[in-house]
Amino acid sequence: MNKNRLSKTIAAGLNLQMTNEAHASQIYLSYGAWADNYGFVGVANFLFRHAEEERNHMMKIVEYILKRGAEVHITSIPAPPEKPENINNCFQAIFKHEVENTQEIYKLVKMSLDEEDWATWNFMQWFVKEQVEEETMVLNLLNKIKIAGGEKMNGNDLYVFDKDLEKTTDEARSAIDVTAVNP
Ligand code: FEO
């Protein structure tokens, strides 16, 4: 009996998105290490925690593919882009990446709609909602950076911004508490 409940196209799309989420995790990890090197402890903590969150997104897709009886294909993960030039550039790059990820998610939603795969369509709605939250979160940080002077932020501005992120750490969802079921 064939237990596979995903079409070839949907399974390929989900496998691709699984790697996209792993790629997103590597980006946050790489930028977090960059921030830590420059002493931005608050920014680094925020980015490291988000790297974990992206990995949880990846696991959520792995679990769904398996639950639907299809095969998971683990491939190499593309390298993250170049290190950012400054804090403003770092969050601009993150926002751009989140928007690109949203577009990939929309492709999967469209694919599931076209194939009338309502289970996958329903599964993907969680990601649609999550992307709205993530884009808003990064946009809010970009607004703070803009108010503080954007590219022209001085040492004091950067210190305050970093402290601000450090302070919000405990209030934000901790990766430790996050599961693949509830990322
Ligand atoms: Fe898993 Fe930031 O998207």
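Each ligand, and each atom within it, is numbered from 1 in the order the structure gives. Computed from heavy atoms alone, side chains included, the values below leave out hydrogens, waters and symmetry copies.
N101 contributes no side-chain N or O that, together with a main-chain N or O of K96, makes up a donor-acceptor pair within less than 3.5 Å. Although no hydrogens or angles enter the test, the distance criterion places no donor-acceptor pair under 3.5 Å between the side chain of N122 and the main chain of A119.
Contact annotation: the side chain of E134 approaches that of H50 to within less than 4.5 Å [non-hydrogen atoms, C-beta and beyond].
Atom 2 (Fe) of ligand 1 forms the vertex of an angle spanning OE2 of E98 and OE2 of E54; to the nearest 10 degrees it equals 90°.
Of all N, O or S atoms in H57, the one lying closest to atom 1 (Fe) of ligand 1 is ND1. Sorting the N, O or S atoms of E21 by how far they are from atom 1 (Fe) of ligand 1 puts OE1 first. Counting just the N/O/S atoms of E134, the one with the shortest distance to atom 2 (Fe) of ligand 1 is named OE1.
A salt bridge links K163 with E166: the closest approach of a Lys/Arg side-chain nitrogen to an acidic carboxylate oxygen falls below 4.0 angstrom.
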